[in-house]
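Just so it is clear, the structure is predicted and the values come from calculations on it, not from any experiment. Just so you know, residue 1 is the first one in the sequence shown, and it goes up from there. When a ligand or atom number is given, it counts from 1 through the structure's own listing order.
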Amino acid sequence: METSVTNSPEELGIAAGKAAADLIRETIASNGKANIILATGASQFETLNQLIKEDIDWSKVTMFHLDEYIDLPESSPASFRKYLKERFLEKVSPLKAVYLVNGENNPEAECKRLGEIIQQNPIDVALVGIGENGHLAFNDPPADFDTHVPYLVVNLDEQCRKQQFGEGWFKSIDDVPTQAISMSVQQILKSKHIICSVPDRRKAQAVKDSLEQPVSNKYPSSILQLHPDCRFYFDKASAELLSTV
Ligand SMILES: N[C@@H]1[C@@H](O)[C@H](O)[C@@H](COP(=O)(O)O)O[C@@H]1O
């Protein structure tokens, strides 16, 4: 586990985006291709801003998507597919393959479809965030640390839905879906390298719990302590409560 604390979200994004880009380039150089996971949300704004500026042969990169709401149309400002198209896919040259999560039709079938594909494509680099409630992807506490299915349907807890409303993605809390498709915790942990970008004072308690509490599904992101190459990027505000950095 490596931690970097930067002065601002912008500096965080530059550091995390460059680190992700280096890992993607190294993987392409040794394997001829790279498989990546992208997350969404406010925590990824600056990291993706940097990643799209990097010199990467995207035609050798396959992208998987971490999570998406169930029954939220892509036209909604809160849609994660919309987010990834606007903030990443439309800004880089075409990728080798892109597997976005679609929660609109048959979520169980979508989990199965994506699960079969990701099992054939071991992940090299995963970009993730941490929620205010400590969630990893949409695995809210108490998270299922045991399931080995790659994607699952999850219920979103009140705190998670408030957080999504609080970030300004929805007009009211009632508009926030109650379910999502999420990559499982075990599938995320299979990634060879993990870049975890977490800016903002709102995340300070979750950051402290994730790094300083014993690993527990009460703090889903605490499981990242067990990963052999997880690099955390904080800004001063999100790292404010850490006693170890
Ligand atoms: N589902 C998203 C994830 O893709 C993200 O990595 C994490 C952090 O979120 P945010 O950046 O919105 O705080 O949880 C969100 O709710």
Side-chain angles (χ1 to χ4, degrees), residues 9 12-13 16-17 20 36-49 51 63-72 76-88 99-103 107 111 114 123 125-141 143 150-170 173 175-185 187-189 191 194-207 209-210 219-224 227 230-235 237-239:
L12 179 159
I36 67 170
I37 295 169
L38 293 188
T40 52
S43 61
Q44 306 301 309
F45 285 162
E46 301 297 338
T47 302
L48 290 180
N49 272 346
L51 193 59
M63 191 210 100
F64 290 87
H65 173 190
L66 197 62
D67 49 12
E68 178 60 288
Y69 296 104
I70 286 180
D71 280 342
L72 189 74
S76 162
S79 157
F80 292 146
R81 283 165 292 161
K82 179 183 167 73
Y83 175 116
L84 285 174
K85 285 183 184 172
E86 290 180 354
R87 292 177 181 273
F88 178 70
Y99 297 105
L100 295 172
V101 180
N102 182 339
C111 291
L114 293 166
I123 300 299
V125 186
L127 280 75
V128 303
I130 294 179
E132 273 171 73
N133 63 352
H135 70 197
L136 184 56
F138 262 145
N139 300 288
D140 287 334
Y151 285 89
L152 69 165
V153 171
V154 292
N155 295 320
L156 301 179
D157 71 16
E158 189 66 11
Q159 203 190 342
C160 170
R161 295 175 64 241
K162 273 190 194 152
Q163 169 198 329
Q164 299 301 330
F165 169 60
E167 275 193 13
W169 301 104
F170 294 92
I173 179 109
D175 292 338
V176 186
T178 55
Q179 285 194 308
I181 292 176
S182 179
M183 194 175 285
S184 68
V185 170
Q187 178 62 43
I188 295 167
L189 289 181
S191 311
I194 298 181
I195 301 282
C196 186
S197 298
V198 197
D200 207 320
R201 176 67 183 82
R202 290 180 299 116
K203 303 288 177 72
Q205 187 62 47
V207 163
D209 292 338
S210 300
Y219 311 107
S221 302
S222 65
I223 203 155
L224 294 172
H227 191 273
C230 180
R231 308 175 194 187
F232 290 95
Y233 292 86
F234 305 125
D235 62 3
S238 66

Checklist line | R87 side chain to N49 backbone, donor-acceptor under 3.5 Å | finding: no
Check: Mind checking whether Q44 has an N or O less than 3.5 Å away from an N or O of ligand 1?
Finding: no
Check: Could an N or O of ligand 1 be found under 3.5 Å from any N or O of Q163, whether backbone or side chain?
Finding: yes
Notebook entry, point to check: How long is the gap from CG on L189 to CG on L224, to the nearest 0.5 Å?
Noted result: 6.5 Å
Item checked: Aromatic plane relationship, F45 with Y83 - under 30° parallel, 30 to 60° tilted, over 60° perpendicular -> parallel
Note to self: Under a 4.0 angstrom heavy-atom cut-off, which atoms of ligand 1 come close to H135?
What the structure shows: 7 (C), 14 (O), 15 (C), 16 (O)
Next item on the list: Verify, without hydrogens or angle tests, whether S79 (side chain) and K82 (backbone) share a donor-acceptor contact under 3.5 angstrom.
Entry: yes
Notebook entry, point to check: Nearest protein heavy atom to atom 2 (C) of ligand 1, by residue and atom, and its distance?
Noted result: D67 OD2, 3.5 Å
Notebook entry, point to check: Under a 4.0 Å heavy-atom limit, does E132 contact ligand 1 with its side chain, its backbone, both, or neither?
Noted result: neither
Margin query: Quick check: Y99 with F64 (ring centres under 6.0 Å apart)?
Written below: yes
Next item on the list: Without swapping roles, check the side chain of D140 against the backbone of D157 for a donor-acceptor pair under 3.5 Å.
Entry: yes
Check: With only distance considered, is V128 within less than 3.5 Å of ligand 1 through an N or O on each side?
Finding: no
Item checked: Nearest non-hydrogen protein atom, atom 6 (O) of ligand 1 -> G129 N, 3.3 Å
Check: Nearest heavy-atom pair of P141 and N133: which atoms, and what distance?
Finding: CG-O, 3.4 Å
Notebook entry, point to check: Quick one: does ligand 1 sit under 4.0 Å from the side chain of L66, the backbone, both or neither, non-hydrogen atoms only?
Noted result: side chain
Checklist line | Check: Q44 and F88 side chains under 4.5 Å, non-hydrogen atoms | finding: no
Check: What atoms in ligand 1 come closer than 4.0 Å to a heavy atom of Q164?
Finding: 15 (C), 16 (O)
Check: Should F80 be counted as touching ligand 1, given the test is an N or O pair under 3.5 Å?
Finding: no
Notebook entry, point to check: Which residue owns the protein heavy atom closest to atom 5 (C) of ligand 1, what's the atom, and how far is it?
Noted result: T40 O, 3.7 Å
Margin query: I need the minimum non-hydrogen distance between H65 and V101, along with the two atoms involved.
Written below: ND1-N, 3.0 Å
Item checked: Enumerated ligand 1 atoms positioned under 4.0 Å from heavy atoms of K203 -> 10 (P), 11 (O), 13 (O)
Check: What closest approach, in Å, do S210 and S221 show between heavy atoms, and which atom pair accounts for it?
Finding: OG-CB, 3.3 Å
Notebook entry, point to check: Which residue holds the protein heavy atom closest to atom 10 (P) of ligand 1, what is that atom called, and what is the gap in Å?
Noted result: E167 OE2, 3.3 Å
Checklist line | Sub-4.0 Å atoms of ligand 1 with respect to non-hydrogen atoms of S43 | finding: 8 (C), 10 (P), 11 (O)
Next item on the list: Report yes if R202 has an N/O atom closer than 3.5 Å to an N/O atom of ligand 1; otherwise report no.
Entry: no
